[in-house]
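Since the structure comes first, as structure tokens, the remarks are kept for the end.
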Amino acid sequence: MIPTCPEPIDEIREASRALVREFGFLDKTLAGTDLSPSAVHAVIELGLAGELTAKELSSRLTLEKSTISRLLRSLEDRGEVAASRREEDGRSYGLRLTDQGRATFEAVTSFGKEMVVEALPHLEAASPKDLASALHDYASALQTARTGVKPSSRSLGFEILEGYQTGMIGDVSALHARTHGPIVGNGPAFESVVSSAMAEFMPRIDHPLNNSWNVVEDRQIIASITIDGQDLGGNIAHLRWFILSERLRGKGLGKRLLAKALAHCETQGFDEIHLWTLKGLEPARALYERNGFSLVDEYEGDQWGRSVIEQKFVKKS
């Protein structure tokens, strides 16, 4: 029975149908590719997450296990997706995009962004931010009605941008100072060390061995991670400046950022990945250890402004 209520149900349904048509979901292929809509969404989810199991992908796409199996088989046959046994659980397989899959993901992302950029100037009744919020709320409400469980904010997702972003040195240095200041001592010393090191790295960011991944909101970086493949030499990657705004904790963003950094290292064929961090950051340490890093050294350092216990973690290929 359809409830009688003052909400504009017919108008919402009409707008939803229009979105389906305008996005091209009624076509056999989507987003300027020769892939089906479900295959495009699979590529997008894998590209954003870095790695997922078939079960996780099935949940995100709300598709049955048999459908996901056929979909993944076709993407593997095309060379878009590859599966490998997970180190932390040898019984499950992780799915990642291949180089070809990454290229498809980038093409689909560019296609989607262009659609949004072309449409936004024609908005009349809402700002872009209000529109994004309303769409997220509607998607959340549909999911709640389907599952009976209200999704957490982590399901809304954040887009991760690759490479240099304007304001990156200042934003990431400030994030470190605000987050780790209580540990190393509030003051200019710590922030100056971080910003100086980033200033040295940024002219090298476009080198194939190096890269950075960032979450940007209102033109400001709110989460970041970097791989410096030249700093240490010896075919060793240096994982640097891994930081998230405190309000983003618990949303799965750290896992996604780290997955992208590790995928880059795998592609470049590094023998080892090294990182240095501060003792007491237990959630970060747990994330590192779940992804194959081991604590190899612990010592007292004073380069940040006052003496703190530093830790070195290493992941071997």
Side-chain angles (χ1 to χ4, degrees), residues 13-52 54 56-64 67-83 95-124 126-129 131-136 138-139 142-143 155-166 206 208 211-217 219 256-257 259-260 263-264 267:
R13 292 183 62 234
E14 181 181 358
S16 298
R17 294 195 302 274
L19 283 173
V20 168
R21 293 192 296 268
E22 293 298 329
F23 284 141
F25 292 144
L26 298 182
D27 297 333
K28 292 183 178 180
T29 60
L30 186 67
T33 71
D34 61 347
L35 295 172
S36 67
S38 59
V40 168
H41 277 266
V43 168
I44 291 173
E45 291 299 329
L46 287 171
L48 291 174
E51 179 181 287
L52 294 170
E56 289 169 337
L57 185 61
S58 175
S59 176
R60 292 193 182 203
L61 299 183
T62 66
L63 294 176
E64 295 181 353
T67 303
I68 282 290
S69 296
R70 290 193 298 272
L71 175 60
L72 290 174
R73 194 178 307 118
S74 67
L75 288 173
E76 288 186 76
D77 290 342
R78 287 174 54 99
E80 307 278 355
V81 173
L95 301 163
R96 291 187 177 189
L97 296 179
T98 62
D99 289 343
Q100 179 177 318
R102 296 295 309 175
T104 300
F105 171 72
E106 297 297 338
V108 168
T109 299
S110 296
F111 185 95
K113 284 183 177 180
E114 186 175 344
M115 285 188 68
V116 175
V117 168
E118 290 180 352
L120 287 181
H122 304 287
L123 276 179
E124 295 180 0
S127 69
K129 192 169 184 178
L131 175 61
S133 178
L135 287 172
H136 279 313
Y138 184 36
L142 288 171
Q143 184 175 343
S155 66
L156 301 182
F158 290 84
E159 184 177 9
I160 296 176
L161 304 180
E162 190 173 353
Y164 174 77
Q165 307 298 320
T166 301
D206 289 331
N211 212 336
S212 183
W213 298 266
N214 303 275
V215 177
V216 180
E217 182 180 67
R219 297 188 297 176
R256 287 172 54 192
L257 284 167
K260 287 185 176 293
H264 170 80
T267 299

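Numbers for residues simply follow the sequence, beginning at 1. Below, all heavy atoms of this structure are taken into account, side chains as well, without hydrogens, waters or symmetry copies.
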Short question: side chain of [X], backbone of [Y] - any donor-acceptor pair under 3.5 Å?
X	Y	answer
Asn214	Tyr164	no
Ser110	Glu106	yes
Ser74	Leu71	yes
Thr98	Gly79	yes

Using 0.5 Å steps for rounding, measure from the [atom1] atom of [X] to the [atom2] atom of [Y].
X	Y	atom1	atom2	result
Asp206	Ser212	CG	OG	11.0 Å
Glu76	Arg73	CD	CZ	9.0 Å
Leu97	Glu51	CG	CD	11.0 Å
Leu26	Arg21	CG	CZ	7.5 Å
Ser58	Leu52	OG	CG	11.0 Å
Leu72	Leu57	CG	CG	5.5 Å

The complete set of side chain to side chain donor-acceptor pair (under 3.5 Å) pairs with one or both residues in residues 28-45, sequence neighbours excluded, reads Asp34-Arg78, Ser36-Ser38, Glu45-Arg60
Report yes if some heavy atom in the side chain of Ser16 is under 4.5 Å from a heavy atom in the side chain of Tyr138; otherwise report no. yes
Closest approach of [X] to [Y] (non-hydrogen atoms, all atoms of both residues):
X	Y	result
Leu61	Ile68	CD1-CD1, 4.1 Å
Val43	Gly101	CG1-O, 4.1 Å
Arg102	Gly47	NH1-O, 3.4 Å
Ile44	Phe105	O-CE1, 3.7 Å
Ala39	Leu75	CB-CD2, 4.1 Å
Val108	Ala31	CG1-CB, 4.1 Å

With sequence neighbours left out, the residues meeting side-chain contact (heavy atoms from CB on, under 4.5 Å) with Thr62 are Arg146
**Message:** Would you say that more than 12 heavy atoms from the other residues, nucleotides or ligands in this model lie under 6.0 Å from the CD of Gln100, or not?
**Reply:** yes
* To do: Test Glu162 against Asn211 for side-chain contact (heavy atoms from CB on, under 4.5 Å), laying out the working first.
  => CA-CA 7 Å; Glu162 190 173 353; Asn211 212 336; 2.5 Å; yes
Contacts of Glu217 meeting salt bridge (Lys or Arg N to Asp or Glu O under 4.0 Å) (sequence neighbours excluded), chain-then-number -> Arg247
I'd like to know whether Thr67 forms a side-chain contact (heavy atoms from CB on, under 4.5 Å) with Glu64, so could you lay out the CA-CA distance, the side-chain angles of the two residues, the decisive distance to 0.1 Å, and finally the verdict. CA-CA 5 Å; Thr67 303; Glu64 295 181 353; 4.1 Å; yes
### Task
Go through Val215 and Leu161 one step at a time and tell me if the side-chain contact (heavy atoms from CB on, under 4.5 Å) criterion holds.
CA-CA 6 Å; Val215 177; Leu161 304 180; over 6 Å; no
Next on the checklist: Could you walk me through whether Arg256 and Trp213 satisfy the side-chain contact (heavy atoms from CB on, under 4.5 Å) test, starting with their C-alpha distance in whole Å, then the side-chain angles of each, then the deciding distance to 0.1 Å, before giving a yes or no?
Outcome noted: CA-CA 10 Å; Arg256 287 172 54 192; Trp213 298 266; over 6 Å; no
